[in-house]
Amino acid sequence: MQRTLTVLNVAEKNSIAKQVSAALSNNSATRGSTCSNYNPLFSFPYALNGMPCEMLFTSVAGHLMELDFPEAFKKWHSCSPLELYGAPVLKCVPQDKKLVERNLKEQARKCQWLVLWLDCDREGENIAFEVIDVCIKANPRLLIKRAKFSALVRRELERSVQNLGVPDENLSKAVDARQEIDLRIGASFTRFQTLLLQEKFNWEEHGIHDERPIFSYGPCQFPTLGLIVQRQWEIQAHVAEPFWYIYAMYRAPEGQSCTLHWQRDRLYDHVIATILYETCVDAPLATVTKVDARQKLRWPPLPLATLSLQKEAITHLRLPGERMMKLAEELYQEGFISYPRTETDVFDPAYDLKALVREHVNDARWGQHAQRIDSGEMWAAPRGGGHDDHAHPPIHPTRWSAPDANQGWDPNKRRLYEFIVRSFLASCSKPAVGFETQVEVTIAAETFRTTGLMVKERNWMEVFPWARWGGNDNLPVFAVNQTFMPTELLLKDGMTQPPPKMSERDLISAMERHGIGTDATVADHIQKQLDRGYALKDAAQLFSPTALGEALVASYHKMGLSNLWQPTLRGAIEHNITEVARGLRPKQEVLDEAVQHFRGDYIAAAGKQAMMLEEVGRFFGPRAGGGGPGEAGGALPPGDPIGACASCGLNLMLCQPAEGTPFVACSGAPLCRQRVYFPRPTLAADISDQPCATCQLDRGGLRKISFRLRRAAIPPGFEADMVACVLCDQRFKDLCEACGTARPAGQRNNQARGGGGQARGRGRGPAGRCEARASVLTRCVELLRGRGGRQGGMARGPPVCPRHGQPCLVKTSNSAANPGRTFFKCAHPSEAQECLDFMWEDEWNGQPLGASRARRTEPRGRGGNRGHGPRGAGRQQHGGRGNAGGRLVDAATGLPLDANEGSCYKCGQRGHWANACPN
DNA sequence: GCAAGGTC
């Protein structure tokens, strides 16, 4: 009688062994224990391609083997780190996996076939060969088979087991090469950095309490750190620049309104912006030149891959990547979602998506939408994002979980499941439909645009509440050649902002873009920055480097070895590894090339180690002695606490250096970089007994600082004695802005690093601005020429202040009662209340004010201020508000006004202006 | 004492 075939099946983890066994055996598998506690054995009879067999199903726990150096090279002082580039490496089963190995051997001896159910990716293939290696030693006659599967659902598993293939050795070799490169460069540079720095500096003093701290280097962790440091340098290098833009707004008589966006966006030259603005004010009538109305579609989200899910979870669910992956893993192991580590964002056309949708038709929350998809009414085939790892489908729900069945779940797990379901249903739905109207208008040859949007059909957005799509749905109706008078026409200003600190989402995106880490490890590499003390995450969840992190990156930058931290490092390694995976290049060739390359970098770095000592020394005092007081990151001078630091929770200290200006710094310096420098005219600063009403209230409050300032050096409007909160007080900030801050000698300030140059406003680089400036200049020259030759044109210089007889009036628009309406006000601060307080600009007829009429009352929306047309517009349209029968009329009193009938606000009498008041 | 990648 023929012996029954016995098949050993091995999965990457127990949960998969359990689920596959249950699915293939119809839940009749017998569970038995093995010598490895976490890897039991499931057994059940099965028919493989019609052949009856006994299935034994067990598992490993990830990689079975590790790559390491032999004992002779493991001790750090046993050899130079350089020798690690030529040292032998060994792949062996570590002590904690010995029982897993023993279990495999025991089972292999009973079997004729070995079926590998490892995950279908590069690492899974490598683990498969580790399993083969162990099993073959126990039973050399084993027949090796590979099961390829992508979801833990019965039909998929049965398809897989009836179509067994062979493992792919190239995929596995690519992993071997990656492991060896990572080990050699990671171990050598970690030892280099650690041995160089460990004894040279007093780390204890700087908040690093390990007796022998490790300064690790890795080909993923350093490029990750590099991204954070590079952003920090961009922020430091930013020089704020003022810009100006024309703001126009129109409110139609029917009530609809829109903002008209200047085509030039913004200009960095005040004079030019003013000239263009003045041309608009001169001829403010807007003409509609183009109206483009069309249907617009908003597409549903792409099917989810791991990193897109991480980013979405951070944004919509506020779940950090590492936490989200743990919950997704649980959902996968329980069979509710497909494999959560995938790069694929396109469904195989053969996939039965409708069957997956039908799972959800009875759900009270999204069942109705699922029914509409199932019926075809809402169905649209999901789009593809163009990424396919050929191992797993996009992340999607595989089973419906009734709301009452998952009550015991972690609330975040429920939210994540719901997000994955809704995202899947949305991706199978029709796009949303809107109606967009784009309008272009010109005002004095300047172009402005506005857009309106009406959402007609929400479709996929109905099942995906996180989506936002909307614009101005209250756009006035415009027709080509129509003219209208803008309601507001203002010259506004702003300052360019530095780029923001790195958020976790930014970091993940950048790492994904550069191929740093895998879907499963990106979150770990980010966490490692915090664990190693290379970076900090503040209360707003934004990342910045610590002084240590910055010093390490700056060291390699200085050495001319920026490739060791730049984000392209991992991509370059991965590129060559992929060629091995595809069978295009032999593993050894790629390996030798990489090892030689990094060996060269190591030799260069070791030859310039003095640079690393110097760079780190800028931040950290040496063991004997210390950095200069107050130097960036050096030992802090003595001081007293003023409250808690929002960045790290330690104390903010008012530091009083023996020489130089006091400043506030965190006691966690240099790891924490929180620091506030004081205005240059500071003579003395002490902690006041006044608490700030708003800062750090949840941490016991923050004390205000009492300043004594050099009177001669402070601008008008500031007092020599000031009590201020250094974190929130606007007057303190204004003073810093006006006078600059006093920083200790040696402090770097606004140095552009890493070849980044000066970062300016976002959205338009210097080159773009030069171009814009050139075209604008041409136009301004034309305008100025035209203006000079204009017949009968009014030479419109600034209005003349009636009190001073000079053009000392400025345009102001801060009237609360008349927002957007501008008036002229005397710029002399001491006389602002005494002198001419205002003249509505829309009531100014372009004549010097002294020749027309200035009103004495504060603009409070009195009679004369009732909603007229826009500034400039009113003047054009009405020939000057208050111009009745050729005579000027006082809008407040209705009495006639002219140059001879001035009204003196000082004495209240008519017949003269205040600057000529005899009283 | 080191990497990155699996998984617990």
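In what follows, every heavy atom counts, from backbone to side chain, and hydrogens, waters and symmetry copies are set aside.
The CD atom of A/Q529 sits 12 Å away from the P atom of B/dA3 (whole-angstrom rounding). B/dA3 atom C1' lies 13 Å from atom CG of A/D524, rounded to whole Å. Taking atom OH of residue A/Y332 and atom C1' of nucleotide B/dT7, one finds them 12 Å apart after rounding to whole Å. Straight-line distance from the CG atom of A/D176 to the C1' atom of B/dA4: 13 Å, rounded to whole Å. Atom CD in A/E123 sits about 13 Å away from atom P in B/dA4, given to the nearest Å. Atoms CG (A/L183) and C1' (B/dA3) sit 6 Å apart, rounded to a whole Å. Note: CG (A/N126) to C1' (B/dT7) measures 15 Å, nearest angstrom. Straight-line distance from the CD1 atom of A/I573 to the C1' atom of B/dA3: 10 Å, rounded to whole Å.
At the phosphate of B/dG5, neither OP1 nor OP2 sits under 4.0 Å from any side-chain N or O atom of A/Q179. Residue A/R178 places no side-chain N or O under 4.0 Å from the OP1 or OP2 atom of B/dG6. The side chain of A/R341 places an N or O atom within less than 4.0 Å of a non-bridging phosphate oxygen (OP1 or OP2) of B/dT7. Distances shown here put a side-chain N or O of A/Q333 below 4.0 Å from the OP1 or OP2 atom of B/dC8.
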Stepwise, does the side chain to side chain contact (heavy atoms under 4.5 Å, CB included) test hold for A/Y332 with A/I16? CA-CA 10 Å; A/Y332 166 65; A/I16 294 188; 3.4 Å; yes
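Both A/I127 and A/F73 lie near DNA chain B, and the one whose nearest nucleotide falls closer to the 5' end is A/F73.
Below 30°, between 30° and 60°, or above 60°: for A/Y85 and A/Y602 the angle between ring planes is between 30° and 60°, a tilted geometry. Ring planes of A/W117 and A/F149: tilted class, angle from 30 to 60°.
Listed nucleotides: B/dG5, B/dC8, B/dC2. Nearest to the side chain of A/R532: B/dC2. The listed nucleotides are B/dC2, B/dG5, B/dG1; the one nearest the side chain of A/T518 is B/dG5. When the nucleotides B/dG6, B/dT7, B/dA3 are ranked by their closest atom to the side chain of A/K13, B/dT7 comes out on top.
Stacking of the aromatic ring of A/W76 onto the base of B/dG1 is found: the ring centres lie under 5.5 Å apart and the planes are inclined by under 30°.
Heavy atoms of A/K326 sit nowhere under 4.0 angstrom from any nucleic acid atom. No engagement by A/G124 is indicated, since no non-hydrogen atom pair under 4.0 Å with the nucleic acid exists. Within the nucleic acid shown, A/D68 comes within 4.0 Å of at least one base atom, counting heavy atoms only. At a threshold of 4.0 angstrom between heavy atoms, the contacts of A/L64 with the nucleic acid are absent. Among the atoms of the strands shown, none is found under 4.0 Å from any heavy atom of A/R184.
Screening A/Y534, A/F192, A/W203 for a ring pair (Phe, Tyr, Trp, His ring centres under 6.0 Å) involving A/F215 leaves a single residue, A/W203.
The base of B/dG1 sits within donor-acceptor range of the side chain of A/Q198, with an N or O pair under 3.5 Å.
You'll find the side chain of A/T306 reaches within 4.5 Å of the side chain of A/M325, heavy atoms only.
Between the A/D345 side chain and the A/H387 main chain, a donor and an acceptor come within less than 3.5 Å of each other.
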